[in-house]
Amino acid sequence: INLAVYVAENVIRNCNGVENEQVIKCRIGMMIEIAESKAVYNEETGELKILGSGAMDDFDYQDVPWDSYSSGIKTVTISDGITSIGDYAFQDCSTLKRLNSKTNGEFNIPAGVTRIEEDCLRATGLVSVEFHAGVTYFGAQAFRDCKQLKEVVIKAPKYTIEANAFGKSASEKDLNEHYGFTANQI
């Protein structure tokens, strides 16, 4: 059974049809297949749900499946089975204010995520983010240009922060000065 077609026909009514094999646009939402994961976007609420398990796909800057909806994405919910947030996944989603949270500005990383990949949350509206002890990798420019970011908490005993992950510098001193950064160790 094609899960995307099943959902479109049986859950999300009044579909406009299939645009291509991967995307189904509907009046109130759409489903996108991404490798082993699925993404469902509801245009009315601005919520994007990433479902499935394993690592999210890494995207190129111009090929994020929900890119045409990025200006309307306000909330992202990532299922617990996801292990990484892929390259460029939510870059330039400037209205993105919540990740696995009901509170604006709050980003909660799901328990299974261990890697935050390159540019994945660049230029979003996050204000604070706390990383559980399992998150051990922060890709280059992952949070660059998050102009509202005020607080970063990393609980992992050891981790890697790539160049410009949180801005122009990845040094603990700069992170502390700019973001109220707390960490166990760099």
Once salt bridge (charged side-chain N to carboxylate O under 4.0 Å, His left out) is applied, what residue pairs with a partner in residues 117-137 remain, sequence neighbours excluded?
Arg115-Glu117, Asp119-Arg122, Arg122-Asp145, Glu130-Lys155
Find out whether Leu51 and Val40 are in side-chain contact, i.e. whether some heavy atom of one side chain is under 4.5 Å from a heavy atom of the other.
yes
Where the side chain of Trp66 meets the backbone of Ala89, is there a donor-acceptor pair that is under 3.5 Å apart?
yes
Sub-3.5 Å donor-acceptor pair from the side chain of Thr95 to the main-chain atoms of Ile73, do we have one?
yes
Ignoring hydrogens and angles, tell me if any N or O in the side chain of Ser101 forms a donor-acceptor pair with the backbone of Thr103 under 3.5 Å.
yes
Assign the ring pair Phe143 / Phe166 to parallel, tilted or perpendicular, where the plane angle (0 to 90°) is split at 30° and 60°.
parallel
May I ask you to decide if Glu44's main-chain N or O and Asn42's side chain share a donor-acceptor pair within less than 3.5 Å?
yes
Could you check whether Tyr61 and Asp92, counting side-chain N and O atoms only, form a donor-acceptor pair closer than 3.5 Å?
yes
Assigning hydrophobic clusters by single linkage (Ile, Leu, Val, Met, Phe, Trp, Tyr; side-chain heavy-atom cutoff under 4.5 Å), is Tyr69 placed with Met56?
yes
Which value, rounded to the nearest 0.5 Å, describes the distance between Tyr41 atom OH and Leu48 atom CG?
8.0 Å
Using 0.5 Å steps for rounding, measure from the CG atom of Asn100 to the OG atom of Ser79.
8.5 Å
Partner of Phe131 by side chain to side chain contact (heavy atoms under 4.5 Å, CB included), out of Val152, Val153, Asn108
Val152
Distance from Ile85 atom CD1 to Leu99 atom CG, nearest 0.5 Å?
5.5 Å
So, taking the atom named OG1 in Thr114 and the one named CD1 in Ile116, what distance separates them when rounded to the nearest 0.5 Å?
8.5 Å
OG-OH distance between Ser70 and Tyr88, expressed to the nearest 0.5 angstrom
15.0 Å
Treating Thr124 as the side-chain partner and Leu121 as the backbone partner, does any N or O pair qualify as donor plus acceptor under 3.5 Å?
yes
Hey, is the main chain of Asp60 close enough, under 3.5 Å, to the side chain of Asp63 for a donor-acceptor pair?
yes
Quick one: closest heavy-atom pair of Asp87 and Asp58, and the distance?
N-OD1, 2.9 Å
Is there any salt bridge (charged side-chain N to carboxylate O under 4.0 Å, His left out) pair reaching into residues 132-142, and which pairs are they, with sequence neighbours excluded?
none
Whether the side chain of Thr83 engages the backbone of Val113 through a donor-acceptor N/O pair (distance < 3.5 Å, no angle test) should be reported.
no
Are Ile154 and Tyr159 packed together at the side-chain level, in the sense that at least one heavy-atom pair is separated by less than 4.5 angstrom?
yes
